[in-house]
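Structure provided below as C-alpha cells; questions to follow.
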Amino acid sequence: FQEILLIDPEKSPSLLQREVGIHLSSSVLFLLIFPVRNRLREIVGASTNWKDHQQALAERASLSQYLAQSQDELPAKTMKDSAIEAHLPLGTQPALREKYLNYHNSVRLLICYSHTWNKELKRSPLSIVTALVDKIDMRKNIIYPDCDIKFTGHVTWVGKTSIEAKMHMSQYHDGAYTDVLDATFVMVARDPENKRAAFINPLKLESPEEEAIFQQGEINKTRRVELSTASLLKVAPTAEERTLVHNLFLNTLDTRTVSFRSRILPPNSVWIEDAKMKGLEICHPQERNIFNRIFGGFLMRKAYELGWANACAFAGCRPTLVAVDDIVFRKPVEIGSLLLLSSQVCYTEGMHIQVRVHTEVLDPLTRQHSTTNVFHFTFRVEKDIPAIVPQSYGESMLYLDGKRHFDETMRSQG
C-alpha cells in the first residue's frame with residue numbers, strides 16, 4: 001500500500017510523479033524541503049510569481065464546476081490516505097538549517113490536500129486554509145540545529161467543510177528519533193476563489209484505534225465551542241474568578257489612604273501595564289502563501305519572536321517555549337499590509353509566563369485597524385519570577401484569560 005519515495009531536489013515534483021506513477025492519496029511521501037511547496041502549487045494551480053497572481057486567481061475560478069454540491073457526492077477517505085512522512089535533513093544538508101521554520105506549515109496543507117485529492121483532476125478545486133492552531137505542545141526543550149527532523153501526520157477528524165490534522169515532529173539524536181512537539185490544526189475548505197465554504201470527503205474509520213482518534217476530534221470541537229461560549233468578551237467571569245480579581249484589588253490598596261484610587265504595587269510584583277512590547281512588520285510579497293496572502297507561518301513566527309522577547313525582558317533570562325494555544329486566524333493579511341504586533345505578559349505562576357500577542361493590520365489610507373490573530377504562548381524559565389498585577393477592569397480580564405489558557409495547557413500536559 002505504501003511507497004517510500006526519495007525525491008531528488010533537482011527534479012520537479014510533476015516529473016517525478018510521471019516517472020514513478022503515484023498519487024498522493026495512496027502513498028506516504030518521503031520528501032525533502034524544496035518539492036513540498038512546489039507540489040502544493042501544482043495541486044492548487046497557484047502562481048509562482050507575484051506579478052502573475054491575478055491571472056492565477058482567474059484560472060482558479062473556472063474550477064468551481066468541480067465542487068461537490070453535497071458531502072454525499074464525495075468518496076470517503078481513510079486516515080491512511082492522508083498519512084504523510086516528511087524528512088528534513090538538517091544533519092546532512094547544512095544549507096537547509098536556515099529555512100526549516102516554515103516547513104511544518106507546508107506539510108499540514110499537503111496532508112489535507114491528500115485527503116481531498118481527486119486523481120481524475122489535474123488541479124484541486126478546493127482552497128484549503130488554516131482556521132486555527134488548536135494546540136502545539138513542546139515535548140522536548142532542545143531542538144538541535146544539525147540533526148535530522150522527521151514530520152509525520154494525517155487527518156484525524158472531518159466535518160462537512162472542516163478538517164482536523166495532527167502532526168508530530170521528532171528529531172534524530174544519539175542514534176534514535178525522539179518526540180519534539182505535537183501539533184493540532186483545524187483547516188477549512190473553501191471554493192476556488194476562497195469566497196465560500198466547500199464540502200470535503202468524509203472520513204472512513206477502519207479500526208477501534210481510528211475511532212478513538214476521531215472521537216478525540218469530536219471532543220476537541222466541543223471544547224472549542226465551550227471555550228468560545230464562555231469567553232470573557234461575551235460573559236462575566238465566574239464567581240471564583242470574581243473573587244480572585246477582588247483579592248488582587250485588595251492586595252494593592254494603600255491602607256494609609258483607604259481610597260479606591262490609591263494603589264500600591266505589592267513586593268516582587270510588576271504592573272501589567274509595564275510588561276508590554278510592540279512591533280511592526282511590512283508584509284512583502286516574498287512572505288506570501290500559495291493563495292497570495294501573507295503566509296500564516298510567517299505571522300506565527302513573528303508573534304512568537306515578539307512574545308519570546310517580551311518574556312525574556314520580563315524574566316531577565318532566556319525562556320523556553322512550553323506550548324502554543326488557540327491561535328485563531330480571524331482575517332487574512334494582504335500583501336503590502338502594515339502589521340502591528342502587541343505582546344503582553346498577562347499571567348505568571350511559579351516559573352511560568354503566559355504571554356498574549358495581538359496582531360492587527362492598519363490601512364494607512366483609512367487608518368482603520370482590523371484584528372487578524374490572537375496568539376497565546378506559555379513559557380518557562382529556571383527561576384521564580386515576579387507576579388503580574390492588573391489595575392483596571394480590562395487588565396483584570398486579560399489576567400483571567402491568561403490564567404485560563406495557562407490552566408488548560410497544564411491540564412493537557414498532565
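Side-chain atoms are counted along with the backbone in the values below, which use heavy atoms only and exclude waters and symmetry mates. Just so we're clear, the structure is a prediction, and the values are computed from it rather than from any experiment.
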Would you call Asp134-Arg223 a salt bridge at under 4.0 Å N-O? yes

Residues His405, Thr378; criterion side-chain hydrogen bond (donor to acceptor under 3.5 Å, both in side chains); working and verdict: CA-CA 8 Å; His405 282 91; Thr378 305; over 6 Å; no

Side-chain donor/acceptor of Lys160 to backbone N/O of Ala198, under 3.5 Å: no

Backbone N/O of Pro319 and side chain of Trp308: donor-acceptor pair under 3.5 Å: yes

Using side chain to side chain contact (heavy atoms under 4.5 Å, CB included), reason through His352 and Thr348 one step at a time and then give a plain yes or no. CA-CA 6 Å; His352 290 89; Thr348 59; over 6 Å; no

Side-chain contact test, heavy atoms from C-beta onward, threshold under 4.5 Å: evaluate it for Val361 versus Asp363 and give yes or no. no

Would a distance-only check, ignoring hydrogens and angles, find a side-chain to backbone donor-acceptor pair under 3.5 Å from Thr372 to Thr359? yes

Stepwise side chain to side chain contact (heavy atoms under 4.5 Å, CB included) test for Met167 and Thr152: CA-CA 6 Å; Met167 280 183 45; Thr152 59; over 6 Å; no

Do Thr243 side-chain atoms and Ala239 backbone N/O form a donor-acceptor pair below 3.5 Å? yes

Could you give me the CA-CA distance, side-chain angles and deciding distance for Val374 and Ile327, then say whether side chain to side chain contact (heavy atoms under 4.5 Å, CB included) is met? CA-CA 6 Å; Val374 178; Ile327 302 174; over 6 Å; no

Can a salt bridge be assigned to the pair Glu305 and Arg301 using a cut-off of 4.0 Å between side-chain N and carboxylate O? yes

Can a donor-acceptor pair be found, under 3.5 Å and without considering hydrogens, that links the side chain of Ser162 to the backbone of Val158? no

If we count only N and O atoms by modelled type, under 3.5 Å, do the side chains of Ser170 and Lys150 hold a donor and an acceptor together? no

Okay, side chain of Asp81, backbone of Thr78: is any donor-acceptor separation there less than 3.5 Å? yes

Angle between ring planes, Phe375 versus Phe377, binned at 30° and 60°: parallel, tilted or perpendicular? parallel

Side-chain heavy atoms of Arg293 within contact of Val129, under 4.5 Å: no

Going by an N to O cut-off under 4.0 Å, is there a salt bridge joining Asp407 and Arg411? no

Over all heavy atoms of both residues, which pair between Gln171 and Asp148 is shortest? Give the atoms and the distance, please. CG-O, 3.2 Å

Whether over 12 other heavy atoms sit under 6.0 Å from Ile282 CD1: no

Locate the shortest heavy-atom distance separating Asn201 from Pro75; write the atom from each residue and the value. ND2-O, 2.8 Å

For Tyr177, is the OH atom crowded, meaning more than 12 foreign heavy atoms sit under 6.0 Å from it? yes

What is the minimum heavy-atom distance between Gly153 and Ile111, and which atoms define it? C-CD1, 3.6 Å

Report yes if some heavy atom in the side chain of Leu341 is under 4.5 Å from a heavy atom in the side chain of Leu280; otherwise report no. no

Kindly indicate whether the side chain of Tyr393, heavy atoms from C-beta on, has any atom under 4.5 Å from the side chain of Val245. no

Evaluate Ser127 against Asn194 for side-chain hydrogen bond (donor to acceptor under 3.5 Å, both in side chains), listing each step before the verdict. CA-CA 6 Å; Ser127 299; Asn194 195 15; 5.4 Å; no

Before you tell me yes or no, could you show the steps for Val186 and Ile163 under side chain to side chain contact (heavy atoms under 4.5 Å, CB included), namely the whole-Å CA-CA distance, both residues' side-chain angles and the distance that decides it to 0.1 Å? CA-CA 6 Å; Val186 177; Ile163 305 174; over 6 Å; no

Count the heavy atoms belonging to other residues, nucleotides or ligands that lie under 6.0 Å from OH of Tyr144, then report whether that count exceeds 12. yes

Glu210 bridged to Lys204 by N-O distance under 4.0 Å: no

Counting only heavy atoms from other residues, nucleotides and ligands, does the tally under 6.0 Å from CD of Glu240 exceed 12? no

If you take all heavy atoms of Pro202 and His115, which pair is closest and at what distance? O-CE1, 3.8 Å

Would you compute the distance between atom SG of Cys112 and atom CD1 of Ile128 and round it to the nearest 0.5 angstrom? 5.5 Å

Counting N and O atoms only, with roles assigned by atom type, does the side chain of Ser82 sit under 3.5 Å from a partner on the main chain of Val155, one being a donor and the other an acceptor? yes

Spacing of Ser231 atom OG and Met397 atom CE [to the nearest 0.5 Å]: 11.0 Å

Can you tell which of Lys166, Glu164, Lys135 makes a side chain to side chain donor-acceptor pair (under 3.5 Å) with Thr184? Lys166

Does any N or O in the side chain of Ser124 come within less than 3.5 Å of the main-chain N or O of Leu126, such that one atom is a donor and the other an acceptor? yes

Rounded distance (nearest 0.5 Å) linking atom CZ of Phe314 with atom NZ of Lys276: 14.0 Å

In terms of heavy-atom contacts, Gln344 and Ala275 come closest through NE2-O, 3.2 Å

Closer than 3.5 angstrom, by distance alone: can the side chain of Gln354 be matched with the main-chain N or O of Lys403 as a donor-acceptor pair? no

Could you tell me whether the side chain of Cys346 reaches within less than 4.5 Å of the side chain of Tyr399, counting heavy atoms only? no

If you draw a 6.0 Å radius around CD in Gln65, do more than 12 non-hydrogen atoms from other residues or ligands fall strictly inside? yes

State the CH2-NZ distance between Trp157 and Lys221, to the nearest 0.5 angstrom. 4.5 Å

Would you compute the distance between atom CD1 of Ile388 and atom CD of Glu349 and round it to the nearest 0.5 angstrom? 14.0 Å

So which heavy atom on Ser228 is nearest to which on Lys234, and how close? OG-NZ, 3.1 Å

Arg139 and Asp182 ion-paired at < 4.0 Å: yes

Interatomic spacing from CD1 in Ile385 to CZ in Arg380 - rounded to 0.5 Å: 10.0 Å

Do Met300 and Phe329 have side chains that approach each other closer than 4.5 Å (heavy atoms only, starting at C-beta)? yes

Using the six-membered ring wherever Trp is involved, compare the ring planes of Tyr347 and Phe406 and label them parallel, tilted or perpendicular (cut-offs 30° and 60°). tilted

Is the shortest heavy-atom distance from the side chain of Ile272 to the side chain of Gln391 under 4.5 Å? no

So, the side chain of Ser337 versus the backbone of Leu339: is there a donor-acceptor pair under 3.5 Å, distance only? no

Is any side-chain heavy atom of Val328 closer than 4.5 Å to a side-chain heavy atom of Asn373? no

